[in-house]
Novice: 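Quick one: this structure, given as C-alpha coordinates, is what I'll be asking you about.
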Amino acid sequence: MPTNEKIMELSGEPPNPHFLARLSYWLLLLVVALAPLPFGSNRPWAWSLLSLCVAVLLILWAIAAFIDTNTIQISWGRYRPLLILFGLFIGWSVFQALAPVPKQFWAPGWARLSETLGVATTGVISTDPEQSLTSVMCLLAYAGIFWLGMQVGRRTHYANLALWSVALAGLAYALYGIIVQLEGSNTILWFTKWSYKNSLTSTFVNRNHFAIYAGLSILCTLALIANEARKATEASIATRSGFIQLLDNLSMQIVILAFTFMIL
(Lines give C-alpha, C1' and ligand atoms only; values in the text may rest on other atoms or scores of the structure.)
Protein backbone atom coordinates (compact mmCIF):
# COMPACT_ATOMS: atom_id res chain seq x y z
CA MET A 1 0.00 0.00 0.00
CA PRO A 2 1.45 3.41 -0.94
CA THR A 3 2.34 5.78 1.86
CA ASN A 4 0.76 9.20 2.36
CA GLU A 5 3.90 10.85 1.00
CA LYS A 6 3.82 8.66 -2.14
CA ILE A 7 0.13 9.45 -2.74
CA MET A 8 0.82 13.18 -2.40
CA GLU A 9 3.79 12.88 -4.77
CA LEU A 10 1.69 11.19 -7.47
CA SER A 11 -1.51 13.25 -7.18
CA GLY A 12 -0.42 16.51 -5.58
CA GLU A 13 -3.18 15.95 -3.00
CA PRO A 14 -3.13 14.18 0.37
CA PRO A 15 -5.09 10.91 0.55
CA ASN A 16 -8.83 11.10 1.05
CA PRO A 17 -9.57 10.82 4.80
CA HIS A 18 -11.90 8.28 6.34
CA PHE A 19 -15.65 8.79 6.03
CA LEU A 20 -15.95 9.69 9.72
CA ALA A 21 -13.31 12.39 9.28
CA ARG A 22 -15.17 13.80 6.27
CA LEU A 23 -18.40 13.70 8.29
CA SER A 24 -16.74 15.57 11.16
CA TYR A 25 -15.54 18.20 8.67
CA TRP A 26 -19.01 18.71 7.19
CA LEU A 27 -20.47 19.02 10.67
CA LEU A 28 -17.69 21.44 11.58
CA LEU A 29 -18.62 23.70 8.67
CA LEU A 30 -22.23 23.60 9.88
CA VAL A 31 -21.23 24.45 13.46
CA VAL A 32 -19.03 27.36 12.31
CA ALA A 33 -21.81 28.66 10.06
CA LEU A 34 -24.35 28.56 12.90
CA ALA A 35 -21.99 29.94 15.57
CA PRO A 36 -22.87 33.64 14.90
CA LEU A 37 -26.60 32.96 15.24
CA PRO A 38 -26.93 33.16 19.07
CA PHE A 39 -25.56 36.71 19.57
CA GLY A 40 -22.28 35.75 17.93
CA SER A 41 -21.93 32.88 20.44
CA ASN A 42 -21.05 35.56 23.00
CA ARG A 43 -23.13 34.08 25.81
CA PRO A 44 -22.11 31.39 28.34
CA TRP A 45 -24.55 28.77 27.06
CA ALA A 46 -23.60 29.52 23.43
CA TRP A 47 -19.83 29.25 23.79
CA SER A 48 -20.25 26.19 26.04
CA LEU A 49 -22.41 24.49 23.40
CA LEU A 50 -19.90 25.44 20.70
CA SER A 51 -17.07 23.93 22.74
CA LEU A 52 -19.07 20.74 23.34
CA CYS A 53 -19.84 20.35 19.63
CA VAL A 54 -16.17 20.79 18.69
CA ALA A 55 -15.13 18.24 21.32
CA VAL A 56 -17.57 15.68 19.87
CA LEU A 57 -16.23 16.33 16.35
CA LEU A 58 -12.65 15.87 17.55
CA ILE A 59 -13.59 12.52 19.09
CA LEU A 60 -15.21 11.54 15.79
CA TRP A 61 -12.03 12.51 13.92
CA ALA A 62 -9.87 10.58 16.42
CA ILE A 63 -11.95 7.43 15.83
CA ALA A 64 -11.47 7.89 12.09
CA ALA A 65 -7.71 8.33 12.58
CA PHE A 66 -7.60 5.12 14.64
CA ILE A 67 -9.43 3.21 11.90
CA ASP A 68 -7.56 4.70 8.93
CA THR A 69 -4.13 6.33 9.30
CA ASN A 70 -4.68 8.23 6.03
CA THR A 71 -6.92 10.48 8.10
CA ILE A 72 -3.77 11.95 9.68
CA GLN A 73 -2.74 14.16 6.79
CA ILE A 74 0.11 16.06 8.46
CA SER A 75 2.95 14.22 10.16
CA TRP A 76 3.61 14.71 13.87
CA GLY A 77 7.00 16.34 13.30
CA ARG A 78 5.55 19.24 11.31
CA TYR A 79 3.18 20.52 13.99
CA ARG A 80 5.01 19.29 17.12
CA PRO A 81 6.59 22.68 18.08
CA LEU A 82 3.23 24.45 17.73
CA LEU A 83 1.44 21.79 19.77
CA ILE A 84 4.06 21.86 22.53
CA LEU A 85 3.92 25.65 22.83
CA PHE A 86 0.13 25.67 22.83
CA GLY A 87 0.07 22.88 25.44
CA LEU A 88 2.44 24.85 27.67
CA PHE A 89 0.25 27.93 27.36
CA ILE A 90 -2.91 25.98 28.25
CA GLY A 91 -1.14 24.28 31.16
CA TRP A 92 0.08 27.63 32.52
CA SER A 93 -3.42 29.08 32.22
CA VAL A 94 -4.94 26.17 34.16
CA PHE A 95 -2.15 26.44 36.75
CA GLN A 96 -2.96 30.12 37.33
CA ALA A 97 -6.63 29.27 37.89
CA LEU A 98 -6.32 26.21 40.11
CA ALA A 99 -2.89 25.76 41.70
CA PRO A 100 -2.37 27.11 45.24
CA VAL A 101 0.69 29.35 45.33
CA PRO A 102 2.51 31.37 48.01
CA LYS A 103 0.69 34.50 49.13
CA GLN A 104 3.07 36.87 47.34
CA PHE A 105 1.87 35.46 44.00
CA TRP A 106 -1.84 35.85 44.72
CA ALA A 107 -3.95 38.25 42.71
CA PRO A 108 -4.54 41.33 44.93
CA GLY A 109 -8.22 40.56 45.40
CA TRP A 110 -7.53 37.31 47.26
CA ALA A 111 -5.49 39.07 49.96
CA ARG A 112 -8.19 41.72 50.39
CA LEU A 113 -10.82 38.98 50.63
CA SER A 114 -8.86 37.29 53.42
CA GLU A 115 -8.52 40.57 55.30
CA THR A 116 -12.20 41.46 54.86
CA LEU A 117 -13.49 38.09 56.03
CA GLY A 118 -10.93 37.83 58.80
CA VAL A 119 -10.22 34.21 57.96
CA ALA A 120 -7.42 32.44 56.16
CA THR A 121 -8.18 31.88 52.48
CA THR A 122 -6.33 30.09 49.72
CA GLY A 123 -5.57 32.31 46.75
CA VAL A 124 -4.38 31.71 43.21
CA ILE A 125 -2.66 33.78 40.54
CA SER A 126 -5.84 34.39 38.58
CA THR A 127 -8.20 37.15 39.70
CA ASP A 128 -11.20 35.17 38.41
CA PRO A 129 -10.45 31.41 38.18
CA GLU A 130 -13.85 30.57 36.72
CA GLN A 131 -13.40 33.08 33.90
CA SER A 132 -9.86 31.83 33.32
CA LEU A 133 -11.09 28.24 32.90
CA THR A 134 -13.88 29.44 30.62
CA SER A 135 -11.28 31.16 28.44
CA VAL A 136 -9.23 27.96 28.36
CA MET A 137 -12.33 26.05 27.22
CA CYS A 138 -12.96 28.55 24.41
CA LEU A 139 -9.31 28.48 23.32
CA LEU A 140 -9.41 24.67 23.16
CA ALA A 141 -12.56 24.90 21.02
CA TYR A 142 -10.82 27.30 18.62
CA ALA A 143 -7.81 25.01 18.53
CA GLY A 144 -10.11 22.06 17.74
CA ILE A 145 -11.63 23.96 14.83
CA PHE A 146 -8.12 24.76 13.56
CA TRP A 147 -7.05 21.12 13.96
CA LEU A 148 -9.93 19.71 11.95
CA GLY A 149 -9.50 22.37 9.29
CA MET A 150 -5.76 21.67 9.09
CA GLN A 151 -6.13 17.90 8.84
CA VAL A 152 -9.13 17.57 6.50
CA GLY A 153 -8.97 20.90 4.69
CA ARG A 154 -5.62 20.16 3.04
CA ARG A 155 -7.47 18.70 0.05
CA THR A 156 -8.47 21.38 -2.45
CA HIS A 157 -12.10 20.26 -2.48
CA TYR A 158 -12.51 20.59 1.27
CA ALA A 159 -10.62 23.89 1.39
CA ASN A 160 -13.04 25.30 -1.20
CA LEU A 161 -15.97 23.98 0.83
CA ALA A 162 -14.70 25.90 3.87
CA LEU A 163 -14.41 29.13 1.87
CA TRP A 164 -17.88 28.69 0.38
CA SER A 165 -19.44 27.93 3.76
CA VAL A 166 -18.01 31.10 5.34
CA ALA A 167 -18.92 33.25 2.33
CA LEU A 168 -22.51 32.00 2.10
CA ALA A 169 -23.03 32.13 5.85
CA GLY A 170 -21.78 35.72 5.79
CA LEU A 171 -24.21 36.47 2.96
CA ALA A 172 -27.13 35.04 4.96
CA TYR A 173 -26.31 37.06 8.08
CA ALA A 174 -25.72 40.21 6.03
CA LEU A 175 -29.05 39.85 4.21
CA TYR A 176 -30.82 39.32 7.51
CA GLY A 177 -29.16 42.41 8.97
CA ILE A 178 -30.06 44.55 5.94
CA ILE A 179 -33.69 43.42 5.98
CA VAL A 180 -34.04 44.14 9.72
CA GLN A 181 -32.36 47.52 9.28
CA LEU A 182 -34.58 48.53 6.34
CA GLU A 183 -37.66 47.52 8.29
CA GLY A 184 -36.59 49.83 11.11
CA SER A 185 -36.86 46.95 13.57
CA ASN A 186 -34.53 47.31 16.54
CA THR A 187 -34.34 43.59 17.18
CA ILE A 188 -31.86 40.74 17.18
CA LEU A 189 -33.84 37.65 16.22
CA TRP A 190 -36.91 37.98 18.47
CA PHE A 191 -35.14 40.05 21.16
CA THR A 192 -35.31 43.83 21.42
CA LYS A 193 -31.90 45.47 21.00
CA TRP A 194 -30.35 46.92 24.13
CA SER A 195 -27.34 48.58 22.46
CA TYR A 196 -26.36 49.94 19.03
CA LYS A 197 -30.05 50.43 18.29
CA ASN A 198 -29.42 52.48 15.14
CA SER A 199 -26.68 50.26 13.71
CA LEU A 200 -26.76 47.15 11.56
CA THR A 201 -25.52 44.32 13.77
CA SER A 202 -27.29 41.28 12.24
CA THR A 203 -27.34 38.55 14.92
CA PHE A 204 -24.43 40.14 16.81
CA VAL A 205 -24.82 42.58 19.68
CA ASN A 206 -21.76 44.70 18.92
CA ARG A 207 -21.65 46.29 15.47
CA ASN A 208 -17.84 46.04 15.38
CA HIS A 209 -18.03 42.29 15.90
CA PHE A 210 -20.38 41.92 12.95
CA ALA A 211 -18.14 44.18 10.86
CA ILE A 212 -15.18 41.88 11.58
CA TYR A 213 -17.25 38.80 10.70
CA ALA A 214 -18.43 40.41 7.46
CA GLY A 215 -14.84 41.36 6.65
CA LEU A 216 -13.68 37.77 7.09
CA SER A 217 -16.53 36.62 4.84
CA ILE A 218 -15.42 39.17 2.23
CA LEU A 219 -11.88 37.76 2.29
CA CYS A 220 -13.24 34.26 1.62
CA THR A 221 -15.47 35.64 -1.15
CA LEU A 222 -12.54 37.43 -2.81
CA ALA A 223 -10.45 34.25 -2.69
CA LEU A 224 -13.24 32.32 -4.42
CA ILE A 225 -13.74 35.11 -7.01
CA ALA A 226 -10.01 35.06 -7.78
CA ASN A 227 -10.11 31.29 -8.24
CA GLU A 228 -13.14 31.44 -10.53
CA ALA A 229 -11.59 34.30 -12.51
CA ARG A 230 -8.36 32.34 -12.91
CA LYS A 231 -10.23 29.37 -14.34
CA ALA A 232 -12.21 31.63 -16.67
CA THR A 233 -9.11 33.40 -18.01
CA GLU A 234 -7.04 30.33 -18.75
CA ALA A 235 -7.62 31.08 -22.44
CA SER A 236 -6.12 34.22 -23.95
CA ILE A 237 -8.43 37.26 -23.98
CA ALA A 238 -6.25 39.29 -26.35
CA THR A 239 -8.47 38.30 -29.29
CA ARG A 240 -12.19 38.67 -29.90
CA SER A 241 -12.69 34.91 -29.75
CA GLY A 242 -10.72 34.74 -26.52
CA PHE A 243 -12.90 37.44 -24.95
CA ILE A 244 -16.05 35.61 -26.04
CA GLN A 245 -14.64 32.41 -24.55
CA LEU A 246 -14.00 34.31 -21.31
CA LEU A 247 -17.64 35.33 -21.15
CA ASP A 248 -18.71 31.78 -21.90
CA ASN A 249 -16.48 30.45 -19.12
CA LEU A 250 -17.94 32.74 -16.47
CA SER A 251 -20.00 30.42 -14.34
CA MET A 252 -23.07 31.06 -12.21
CA GLN A 253 -20.74 30.66 -9.24
CA ILE A 254 -18.95 33.92 -9.99
CA VAL A 255 -22.32 35.70 -10.31
CA ILE A 256 -23.29 34.41 -6.85
CA LEU A 257 -19.92 35.48 -5.48
CA ALA A 258 -20.22 38.96 -6.99
CA PHE A 259 -23.67 39.32 -5.38
CA THR A 260 -22.26 38.06 -2.07
CA PHE A 261 -19.41 40.58 -2.24
CA MET A 262 -21.82 43.43 -2.97
CA ILE A 263 -24.14 42.56 -0.06
CA LEU A 264 -21.28 42.08 2.39
Side-chain angles (χ1 to χ4, degrees), residues 4 7 13-76 78-79 82-83 86-87 90 134-176 189 202-204 209-210 212-221 223-224 227 253 256-257 260 264:
N4 288 3
I7 293 174
E13 291 269 321
N16 206 30
H18 189 270
F19 166 75
L20 287 178
R22 300 197 302 272
L23 176 62
S24 68
Y25 189 74
W26 277 98
L27 293 175
L28 174 70
L29 298 183
L30 178 63
V31 168
V32 172
L34 293 177
L37 190 58
F39 304 135
S41 286
N42 193 23
R43 291 294 182 274
W45 70 267
W47 64 56
S48 299
L49 180 60
L50 174 64
S51 301
L52 177 62
C53 290
V54 174
V56 171
L57 295 180
L58 283 173
I59 293 172
L60 197 62
W61 180 89
I63 295 173
F66 180 78
I67 297 173
D68 182 6
T69 56
N70 284 337
T71 300
I72 306 172
Q73 309 224 323
I74 300 181
S75 62
W76 159 247
R78 295 186 63 180
Y79 56 78
L82 175 65
L83 192 61
F86 183 74
I90 293 297
T134 298
S135 298
V136 167
M137 178 187 70
C138 292
L139 281 172
L140 289 173
Y142 303 151
I145 293 172
F146 173 79
W147 177 268
L148 291 172
M150 177 183 73
Q151 290 288 352
V152 184
R154 280 176 55 86
R155 291 183 67 89
T156 303
H157 173 65
Y158 298 120
N160 283 331
L161 282 177
L163 291 174
W164 273 102
S165 68
V166 175
L168 294 180
L171 171 63
Y173 291 113
L175 282 173
Y176 167 77
L189 301 177
S202 188
T203 58
F204 291 74
H209 293 167
F210 176 61
I212 292 170
Y213 179 77
L216 293 173
S217 299
I218 285 175
L219 289 177
C220 294
T221 303
L224 290 168
N227 188 48
Q253 290 179 333
I256 296 172
L257 290 170
T260 300
L264 287 168

Novice: With sequence neighbours excluded, what pairs up with W164 under the ring pair (Phe, Tyr, Trp, His ring centres under 6.0 Å) test?
Specialist: none
Novice: Quick one: are W47 and T134 in side-chain contact, heavy atoms under 4.5 Å?
Specialist: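 Of all side-chain heavy-atom pairs linking T134 with W47, at least one is under 4.5 Å.
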Novice: Restricting to side-chain contact (heavy atoms from CB on, under 4.5 Å), what partner residues turn up for V32, sequence neighbours left out?
Specialist: L28, I145
Novice: Any non-hydrogen side-chain atom of S48 less than 4.5 Å from a side-chain atom of M137?
Specialist: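 SC-SC contact between S48 and M137 confirmed.
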Novice: Nearest heavy-atom pair of L29 and A162: which atoms, and what distance?
Specialist: CD2-CA, 3.8 Å
Novice: Would the distance check show the side chain of Q151 and the main-chain N or O of Q73 forming a donor-acceptor pair, the cut-off being under 3.5 Å?
Specialist: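 Yes; at least one donor-acceptor contact below 3.5 Å.
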Novice: Going by ring pair (Phe, Tyr, Trp, His ring centres under 6.0 Å), name the residues that satisfy it together with Y176, two or more places apart in sequence or in a different chain.
Specialist: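 None.
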Novice: Could you tell me which residues satisfy ring pair (Phe, Tyr, Trp, His ring centres under 6.0 Å) with F204, sequence neighbours excluded, listed by chain and number?
Specialist: F210, Y213
Novice: I want to check something: taking the side chain as every heavy atom from C-beta on, are N70 and H18 in contact at a cut-off of under 4.5 Å?
Specialist: no
Novice: Does T203 use its side chain to pair, donor to acceptor, with the backbone of P36 at less than 3.5 Å?
Specialist: yes
Novice: Partners of T156 by side chain to side chain donor-acceptor pair (under 3.5 Å), sequence neighbours excluded?
Specialist: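 T156 satisfies side chain to side chain donor-acceptor pair (under 3.5 Å) with E13 once adjacent residues are dropped.
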Novice: Measure centre to centre between the rings of Y79 and W147, then say whether the value is under 6.0 Å.
Specialist: yes
Novice: Just list the side-chain donor-acceptor pairs under 3.5 Å for residues 37-44, sequence neighbours left out, or say none.
Specialist:
residue: S41; atom: OG; partner: A35; partner atom: O; Å: 2.5

